[in-house]
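As a basis for the values below, the full set of heavy atoms in this structure was taken, side chains included, without hydrogen atoms, waters or symmetry mates. All values derive from a computational prediction rather than experimental measurement. Whatever order the structure lists ligands and atoms in, that order sets their numbers, starting from 1.
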Amino acid sequence: MRRASGSSARTARDSTPRSVPLRSLAMRSLSGIQPSGEAHIGNYLGAIRQHVEIEGIYFIADYHSMTSVRNAEERREHVHELVLDYLACGFDPTGSILYRQSDLPETAELAWMLSTVTPMGLLQRATSYKDKLAAGVPADHGLFAYPVLQAADILQFNPDIVPVGQDQKQHVEMTRDIATKFNQSYGREVFKLPEPQILESVAVVPGVDGRKMSKSYDNTLRMFWPEKKLRKAVMAIVTDSTPVEEPKDTKQTVFALWSLFADEAERKEMKARAAAGGLGYGDVKKELFARIMDHFGAMRTRREELAAKPGTVEDVLRSGAERARAIAEPIWAQARQAAGVGRVR
Ligand code: ADP
Ligand code: TRP
């Protein structure tokens, strides 16, 4: 199993170690991702690649997406696309588990049980909730209770680590607090306290406008876009207006994106070329496009093949849900028994 380490940014070129069967792992890893449209390079480098590399339990958080997406067809489509993205990126659904959150509706039951021991103050301090309100998202109970559902997602598998981006750290800390409250309330160690594994070594991938690449900013590069569309988006990356002959600032977005697909020696060489002058941004964009096509070429082909096979996605999700259920079931039972709800078995 690989661990995020070191302070330097990992690049897309770093090697991908072989994963080992889930059963043989000493550490259990669990993480989720919301289905909010076809994945982009930021999602790949920031999340999906780790989920491919670290064998574990992963799920598509369709319940959570209900806090923002209010269209059933759109949600179903996003779940489908995201599963294809995972598989195309090399996710092994026989070693790891990939399931759809709503295929384990007991998660919502557990979220209720956990909500009864969750202090209001804890939820009121959630920065993601405060940020969403500040951004004008209307406050509703689902948005407020979002971290409780996330705690249920996590605790039902008693994982050791939860690999997430920095923005999710607080949610994992809240999960630990909620688990402690439940254990204390019922005098039993039903839940283990999970450790967030923060992927600090992963740089925030910039979008074509220089801000963080994000669906909500409409500044993404999607690795599975048709070639023409992807090339057009790369060529539209915002640059300053330094003339070709002059030295270039390698802090520019186009260099930052190119660097993600280059190794240390290549980056040094590029820096020298930029400092010397005579390097046009258009040339760097062309090189970036070639590298993206090279990096994702095999994945693009694989995705097309997978998309043409009806039933692939549902098969993966069905077997993922069965395997996830087998792990979660005893933990749900312990939680019910500790709380004195449900039939005594
Ligand atoms: P978006 O901002 O496009 O809606 P999400 O918030 O759904 O993306 O993020 C899904 C996952 O991808 C999260 O784990 C997040 O940390 C990661 N991620 C999203 N954007 C980036 C980025 N620009 N750089 C690195 N990781 C990212
Ligand atoms: N909130 C996470 C995000 O937006 C997705 C998520 C839901 C999650 N449940 C989780 C992540 C449990 C880790 C563990 O990225």
Side-chain angles (χ1 to χ4, degrees), residues 4 9-12 28-52 54 56-69 78 81-82 85-86 89 99-102 104 107-108 110-111 114 126-129 131-132 135 137 142-143 145-176 178 194-223 253 256-257 260 324 328:
R10 290 189 64 205
T11 71
R28 181 176 289 166
S29 167
L30 174 283
S31 196
I33 185 165
Q34 289 199 59
S36 43
E38 203 188 312
H40 53 71
I41 290 176
N43 297 143
Y44 171 73
L45 294 177
I48 299 173
R49 190 176 54 172
Q50 277 65 236
H51 302 171
V52 170
I54 307 173
I57 308 167
Y58 300 97
F59 68 96
I60 314 280
D62 59 343
Y63 279 150
H64 275 115
S65 74
M66 292 176 73
T67 60
S68 54
V69 176
H78 286 170
E81 297 298 320
L82 197 51
D85 290 345
Y86 264 72
C89 290
Y99 77 95
R100 173 172 39 211
Q101 186 182 28
S102 60
L104 264 56
T107 310
L110 181 57
L114 297 176
T127 48
S128 70
Y129 177 69
D131 290 350
K132 280 176 187 153
V137 178
L143 200 63
Y146 185 113
V148 185
L149 181 58
Q150 184 156 348
D153 292 329
I154 298 172
L155 297 175
Q156 65 191 346
F157 297 110
N158 270 340
D160 302 287
I161 55 164
V162 184
V164 283
Q166 185 65 38
D167 59 326
Q168 293 297 314
K169 187 174 177 209
Q170 192 191 27
H171 284 160
V172 183
E173 283 162 356
M174 292 166 85
T175 298
R176 292 170 61 90
I178 294 170
E195 290 289 341
Q197 180 169 296
I198 306 301
L199 305 163
E200 273 155 3
S201 62
V202 178
V204 170
V205 177
V208 296
D209 61 358
R211 292 188 289 173
K212 169 189 180 273
M213 187 179 288
S214 171
K215 270 152 277 176
S216 30
Y217 295 151
D218 203 13
N219 64 355
T220 63
L221 294 174
R222 309 212 180 207
M223 57 273 189
T253 308
L257 283 165
L260 295 167

For Ser36, take its heavy atoms, then give the atoms of ligand 1 lying under 4.0 Å from any of them.
7 (O)
Kindly identify the option in Ser68, Ser128, Gly42 whose heavy atom sits closest to atom 25 (C) of ligand 1.
Gly42
By number and element, which atoms of ligand 1 are closer than 4.0 Å to a non-hydrogen atom of Val204?
24 (N)
Asp167 heavy atoms, cut-off 4.0 Å: which ligand 1 atoms fall inside?
16 (O)
With a heavy-atom distance limit of 4.0 Å, tell me whether His40 approaches ligand 1 through its side chain, its backbone, both, or neither.
side chain
Check Ile154 against ligand 2 and report side chain, backbone, both or neither, counting heavy atoms closer than 4.0 Å.
side chain
So is Lys212 close enough to ligand 1, meaning a heavy atom under 4.0 angstrom away?
yes
Taking distance alone, with N or O pairs closer than 3.5 Å, would you say Ala47 contacts ligand 1?
no
Identity of the nearest option to atom 4 (O) of ligand 1, non-hydrogen atoms only, from Gln166, Lys215, His64:
Lys215
Student check: side-chain heavy atoms of Ser128 and His171 closer than 4.5 Å:
yes
In terms of atom number and element, which parts of ligand 1 are under 4.0 angstrom from non-hydrogen atoms of Met213?
20 (N), 21 (C), 22 (C), 23 (N)
Does Ser216 come within less than 4.0 angstrom of ligand 1, counting non-hydrogen atoms of the residue?
no
Going by the 4.0 angstrom heavy-atom rule, the piece of Leu45 near ligand 1 is neither
Would you mind running through ligand 2 and noting each atom that sits below 4.0 Å from a heavy atom of His64?
7 (C), 9 (N)
Quick one: does any side-chain atom of Asp209 pair with a main-chain N or O of Asn219 as donor and acceptor, under 3.5 Å?
no
